[in-house]
Amino acid sequence: MQLKRMGLVILLLTISQVVSADSGSIGKVAGKVAWDDISRYRGVAALWQRCDSAAGVLVETIGDPAFAVEIGADGSFVIEAPAGEYCLGVVVKRTSGPALGPPAEDDLVFMTPGQNGELFKVEIESGKTLDVGIRTDAWSFSAP
């Protein structure tokens, strides 16, 4: 499971394809992550178009993120994407180095994947902003 988590987190850090859509079909998802011992956040928030967890194996089923943005210093993020269903995840770097670098021991993973492989699904609607609130549900990455 640790190898699969590592692979998924690496995928999260990969900025992938840009999906084109007219501005009328664009919506947003906004939120914030929070953790007690962090005062300034560095990391990335991402959306995946494929949210298939039927097999319980995320790396093979979820693929590369469709959209990703760097999170704000306060842990906030806003991702614009075409209307549709996505999985949302955030990696917060607690180690030195670039915010978009590979995960390291003790970096935090919020929402997708959850500690037990669960997915955090969101439905983006055209012309609207979905606010997922302040998320405090995270687990510490550990290298296999």
What heavy-atom pair brings [X] and [Y] nearest, and what distance separates the two atoms?
| X | Y | answer |
| --- | --- | --- |
| Q49 | A66 | CG-CB, 3.7 Å |
| D131 | G31 | OD1-CA, 4.3 Å |
| E70 | A99 | OE2-CB, 3.7 Å |
| K121 | C87 | CG-SG, 4.0 Å |
| K93 | P98 | CE-O, 3.7 Å |
| W35 | A138 | CZ3-CB, 3.6 Å |

- line: Output for pair (W48 CH2, L119 CG), nearest 0.5 Å, gives 9.0 Å
message: Measuring from atom CZ of F110 to atom CZ of F77, what distance do you get when rounded to the nearest 0.5 angstrom?
response: 10.0 Å
Sub-4.5 Å side-chain heavy-atom contact between [X] and [Y]:
| X | Y | answer |
| --- | --- | --- |
| K28 | L130 | no |
| V122 | L47 | yes |
| V132 | F120 | yes |
| K32 | R135 | no |
| V33 | I134 | no |
| F67 | E80 | no |
| V92 | I71 | yes |
| Y86 | V29 | no |

task: Please step through side-chain contact (heavy atoms from CB on, under 4.5 Å) for the pair S140 and L108, ending with a clear verdict.
output: CA-CA 5 Å; S140 292; L108 295 173; 3.7 Å; yes
task: Inspect the contact between R94 and D107 and indicate whether a charged nitrogen and a carboxylate oxygen are less than 4.0 angstrom apart.
output: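 No, no charged N to carboxylate O under 4.0 Å.
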field: side-chain contact (heavy atoms from CB on, under 4.5 Å) between I79 and L88, worked out
entry: CA-CA 10 Å; I79 306 173; L88 172 64; 4.1 Å; yes
- prompt: More than 12 heavy atoms of other residues, nucleotides or ligands under 6.0 Å from CG of D37: is that the case?
  reply: yes
